[in-house]
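Let me begin by handing over the structure; questions about it come next.
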Amino acid sequence: MRIATWNVNSLKARLGKLEEWLSCAEPDVVCLQETKMSDAAFPTMAFTALGYESAHHGNGRWNGVAILSRVGLEEARVGFWGEPAESIEECRMVTAICGGVRVTSVYVPNGRAVASEQYDLKLEWLGRLRDDLVATTAADEAVVVCGDFNVAPEDRDVWDISQFLGATHVSKPERAALRELEACGLVDAFRVVYPEVDGLYSWWDYRAGDFHKGRGMRIDLVLVSRALAGRVRYALVDREARKGMGSDRPPSDHAPVFVDIDT
DNA sequence: ATGGTAGCGCTGCTA
């Protein structure tokens, strides 16, 4: 199974590129973030035409997450376990069973600035994600949680750690919250394939032309349960797709990343 | 140099 995650920074603006990329990369499952649209506007038929079932959770101009699957999509649910859908203000999580794997697409809150209210909410959100996993997952289950975590797991996952002094995405509490997910049995699939490789960035700031300067961060992660960790065969950040593929629109500020797993 | 760009949507917020 080839499973991908891509923060598209507006699905409306990126639909053409995404369709191109689906034909090119042929993923079986795709987790999307920042669709920035309502469920009513979600282009279900465009994906059906390419052979993908879909589940989306969005309510307007911010956030919005989706799962596309060409290997089946069942039991879709939005938000955290037990959370009433109508009470969710920010659409940041959708889960479904795809080809025998429980897949979750997450868009973790950005956090804005360390010690801000939004930062505390980010840590709280990651805690709720952990609680969801504990409540719903058996130890031997095939689970993939992927998306934009807005956390760089280690210093080598940013272009220059000295530039991030006191910044979000690299702070100890954020990284500890990520490690809490790993303590639940999730494994960073990229580090299975590339234990020693630096510079596997998935996001570059639009401002200051950071992409072309190689100044990025690895914040888009594919976390797999231990049952799958030994079966990860390949992983890639598709930087070509971050270049724009020759269309008239700019690319997303994130590149798609994917892993191949024997399932 | 407290910058820079992108998206949404029409004013300033979010990233």
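Because the structure is predicted, anything quoted here is derived from the model rather than measured. We name chains A, B, ... by the order of the sequence lines, and we start the count at 1 in each one.
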Which residue lies more 5' along DNA chain B, comparing A/A208 with A/T35 via nearest heavy atoms:
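Mapping each residue to its closest nucleotide by heavy atoms, the 5'-most match is A/A208.
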
Name the orientation class of the two ring planes belonging to A/Y201 and A/W204 (parallel below 30°, tilted from 30 to 60°, perpendicular beyond 60°).
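Perpendicular, since the angle between the ring planes exceeds 60°.
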
By the 4.0 Å heavy-atom rule, please label A/R215 as base, sugar-phosphate, or nothing.
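Touches nothing.
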
Work out how far the C1' atom of B/dG4 is from that of B/dA15, and round it to whole angstrom.
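So the two C1' atoms sit 13 Å from each other.
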
One thing to verify: whether A/R175 and A/D157 come together as a salt bridge, which I'm taking to mean a side-chain N less than 4.0 angstrom from a carboxylate O.
no

Under a 4.5 Å cut-off applied to non-hydrogen side-chain atoms, are A/T95 and A/H57 in contact?
no

Give each protein N/O atom lying under 3.5 Å from an N/O atom of nucleotides 13-15 of chain B, with the pair distance.
from	atom 1	to	atom 2	distance (Å)
B/dT14	OP1	A/R112	NH2	3.3
B/dT14	OP2	A/R112	NH1	3.4
B/dT14	O5'	A/R112	NH2	3.4
B/dA15	OP2	A/R112	NE	3.1

Using a strict heavy-atom distance below 4.0 Å, which residues from residues 153-171 of chain A are in contact with DNA chain B?
none

Per-pair distances, 0.1 Å, donor-acceptor, side chain in residues 208-216 of chain A, under 3.5 Å, sequence neighbours excluded:
from	atom 1	to	atom 2	distance (Å)
A/K213	NZ	A/A208	O	2.8

Can a side chain N or O of A/S10 be found less than 4.0 Å away from OP1 or OP2 on B/dA6?
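Indeed not, no polar side-chain atom of A/S10 lies that close.
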
What's in the same ILVMFWY side-chain cluster as A/M45, cut-off under 4.5 Å, chained through other members?
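Its cluster partners, ordered by chain and number, are none at all.
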
Who passes ring-ring contact (aromatic ring centres under 6.0 Å, His included) against A/Y206, sequence neighbours left out?
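So A/Y206 forms no ring-ring contact (aromatic ring centres under 6.0 Å, His included) with any residue.
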
Linking directly or through intermediates, with side-chain heavy atoms under 4.5 Å: list the remaining ILVMFWY members grouped with A/V145, chain and number order.
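For the cluster that includes A/V145, the remaining residues are A/F80, A/M93, A/V106, A/V108, A/W125, A/L126, A/L129, A/L133, A/V143, A/F149, A/V151, A/L178, A/L181, A/L186, A/L221, A/L223.
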
